[in-house]
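Before any comments, here is the structure.
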Amino acid sequence: MSDPTDDTANLQIPELPAPAPGAADLPPGWLEVTSMDMDAQGVARRPDGKVVFIDGALPFEWVSANTHRKKNNWEQASLTAIHRESPQRVRPGCPHFGLHAGACGGCKMQHLHVGAQVAVKQRVLEDNLWHLGKVKAEMVLRPIEGPAWGYRYRARLAVRHVAKKGKVLVGFHERKSRYIADMEVCPVLPPHVSALLMPLRELIASMDARDTCPQIELACGDDVTALVLRHLEPLSDADLDRLRAFAAAHGVQWWLQPKGPDTVRLLDEGGPQLAYALPDFGITMPFKPTDFTQVNPHINRVLVTRALRLLDAGRDDRVIDWFCGLGNFTLPIATLAREVVGIEGSEALVARSRENYRKNQEGRPQGQALAATTFVARNLFEMTPEMLIADGVAGKWLVDPPREGAFALAKALADIHQARIGAEDAPPLPASAEGWTPPQRIVYVSCNPATLARDAGLLVHQAGYRCVAAGVVNMFPHTAHVESMAVFERA
């Protein structure tokens, strides 16, 4: 039975004899899809070699498509017919997914089997490493996978009172649109949060401030579901009472945000604290709903365990955790190493890291104290060799940057190495470099394969490292987002 919410399920599939597999010539207008790009578009070539990106098409399919954008070397098109279907095509698990008008834009790959999604992401990682960094990992790590549904514990939900429709919309934006999708459920959210979408619409519709509340940010801990209401005008006492009644009825914790993230506060003080656990290390991480934490807690637990196994820190090691955030990796490392330094750009997150370290240290069993740990606030996008050397010798590094990557850090390491080998045009070696040695091992956790590849190119070709392993982490199933991990060792 066709799914009426999935445009690809309603495409006309003509009963034509399919060409033999591998045939050189397809019928006029047919395209053979050979791969998928980072935006989850099928990629095909016309007979003249021109690349066509096709929304909704999957690798190994023969399709027809309607071109809606043309450039000299490529076209963008929308799927109009599938002549040979991929064995990896599946029925989307959400009624709001599809190519049709009004479809939700939160996911891009629900029509592709989740195992195939991981394979596509692994290919994207390997292609980026080679084409952008000229790096090939010596070993491909087994992908880190977890639940494909109900995984999204962090989300930013847009809110809008649509007077013409006489209703409030709460959810993600439509595909390629500034409008909010008319969502009633969201299977990638935890089931109890998906069940809140319609009650939230009713709540906002009942409020005096229905026209000035543009956003609700979701943050789920292990035991607390926090909702941050962005409001552009002070809330009336009646609206505050409505929020309290909703919290009591649905078991959520309201936070209010009148302006920027630094203005976020609890509606009512008290109650349980928002936190998540890393049980493999006996660590509990309290956080505020606007702090950066990983979207997928199931994957995060496995990610931290895998990263620390690859880092292989021992009781004799001094370790630096770059871009340490709340201490998601720093505190687990402190259960294994002799000394740890966590360095982060945000003063607020550094303060939170110190507090988390203190609380976890106080709660440790006898004889299992955390290693001596220092947290430092610094702009890591302005690193220099002098700054790097001033941080002292650390045999192992954990690097977990934002999408921009860790270019300045890798460049400082490369500059020191180039100066030491006497490379032409190398910057002079800082006077303080005597006795300083680079880390033997670097574990790099990335949320952008392009910037990982760029930094890997520096580390391998200019800083004296080998890329010994790399693999994907399926942190965001059904989306085109590629999270990954790479390991570098001194050559």
Side-chain angles (χ1 to χ4, degrees), residues 34-43 58-60 86 88 90 106-149 151-154 188 293-311 323 328-329 398-406 441-457 459-460 465-489:
T34 56
S35 61
M36 181 174 268
D37 74 354
M38 286 187 64
D39 289 322
Q41 299 174 112
V43 182
L58 296 179
F60 314 117
S86 166
Q88 300 296 337
V90 297
C107 295
K108 292 185 175 181
M109 302 175 78
Q110 284 193 24
H111 57 313
L112 179 63
H113 186 277
V114 70
Q117 294 178 26
V118 175
V120 167
K121 293 177 183 185
Q122 180 69 39
R123 180 64 182 269
V124 166
L125 171 63
E126 293 179 31
D127 285 351
N128 273 265
L129 284 172
W130 181 247
H131 293 300
L132 299 181
K134 294 295 181 280
V135 171
K136 186 179 173 92
E138 296 173 16
M139 179 178 72
V140 175
L141 296 170
R142 182 175 178 176
I144 294 178
E145 301 178 68
W149 304 101
Y151 68 83
R152 188 157 190 155
Y153 277 47
R154 299 298 306 262
V188 298
T293 58
Q294 293 290 6
V295 159
N296 189 328
H298 319 289
I299 293 294
N300 184 57
R301 293 186 192 115
V302 181
L303 174 66
V304 173
T305 299
R306 166 84 66 89
L308 266 63
R309 179 173 61 79
L310 292 169
L311 193 65
F323 305 92
N328 185 56
F329 291 102
L398 191 292
V399 184
D400 182 18
R403 290 190 61 79
E404 294 86 348
R441 177 172 292 191
I442 300 171
V443 174
Y444 189 131
V445 179
S446 167
C447 59
N448 184 345
T451 53
L452 168 62
R454 177 202 63 197
D455 298 345
L459 293 173
V460 170
Y465 286 85
R466 299 155 44 220
C467 182
V468 297
V472 296
V473 181
N474 200 19
M475 185 73 73
F476 296 81
H478 310 301
T479 76
H481 181 93
V482 181
E483 192 101 1
S484 58
M485 184 187 302
V487 183
F488 302 90
E489 287 187 354

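Quick note: residue numbers are just sequence positions, from 1.
Taking the salt bridge (Lys or Arg N to Asp or Glu O under 4.0 Å) definition, one finds that D37 meets it with nothing, sequence neighbours left out. Legend: residues meeting side-chain contact (heavy atoms from CB on, under 4.5 Å) with S35, ordered by chain and number and at least two apart, are V43. When the side-chain contact (heavy atoms from CB on, under 4.5 Å) test is applied to T479, the partners found at least two apart in sequence or on another chain are K121, Y151, F476, H481. With sequence neighbours excluded, the residues that form a ring-ring contact (aromatic ring centres under 6.0 Å, His included) with H298 are Y153. Under the salt bridge (Lys or Arg N to Asp or Glu O under 4.0 Å) criterion, R154 pairs with E217, not counting sequence neighbours. Residues satisfying the side-chain contact (heavy atoms from CB on, under 4.5 Å) criterion with A40, sequence neighbours excluded, are M36, K108, M109, A480. Partners of E138 under the salt bridge (Lys or Arg N to Asp or Glu O under 4.0 Å) rule, at least two apart in sequence or in another chain, are R466. With sequence neighbours excluded, the residues satisfying salt bridge (Lys or Arg N to Asp or Glu O under 4.0 Å) with R441 are E489. Annotation: side-chain hydrogen bond (donor to acceptor under 3.5 Å, both in side chains) contacts of N300 (sequence neighbours excluded): N328. When the side-chain hydrogen bond (donor to acceptor under 3.5 Å, both in side chains) test is applied to Y465, no partner is found at least two apart in sequence or on another chain. Annotation: side-chain contact (heavy atoms from CB on, under 4.5 Å) contacts of Q122 (sequence neighbours excluded): L125, E126, V140, V472.
Screening residues 297-306 for salt bridge (Lys or Arg N to Asp or Glu O under 4.0 Å) gives D222-R301 as the qualifying pairs, with residues at least two apart or on separate chains.
Residue D400 holds its CG atom at 7.5 Å from CG of L303, rounded to the nearest 0.5 Å.
For the pair I299/E483, no side-chain contact is recorded, criterion being any heavy-atom separation below 4.5 Å from C-beta on.
Results of the side chain to side chain contact (heavy atoms under 4.5 Å, CB included) test with L132 over N128, L129, V135 single out N128 as the only residue that passes.
Heavy atoms only, all atoms of each residue included: L112 and Q117 are closest at O-NE2, 2.8 Å. In terms of heavy atoms, V443 sits closest to A307 at CG2-O, 4.0 Å. Contact record, A137 with A469: CB-C, 4.0 Å, taken as the closest heavy-atom pair. F323 and G405 get closest at one heavy-atom pair: CZ-O, 4.0 Å.
When the shell of 6.0 Å around NZ of K136 is examined, it contains 12 or fewer heavy atoms from other residues, nucleotides or ligands.
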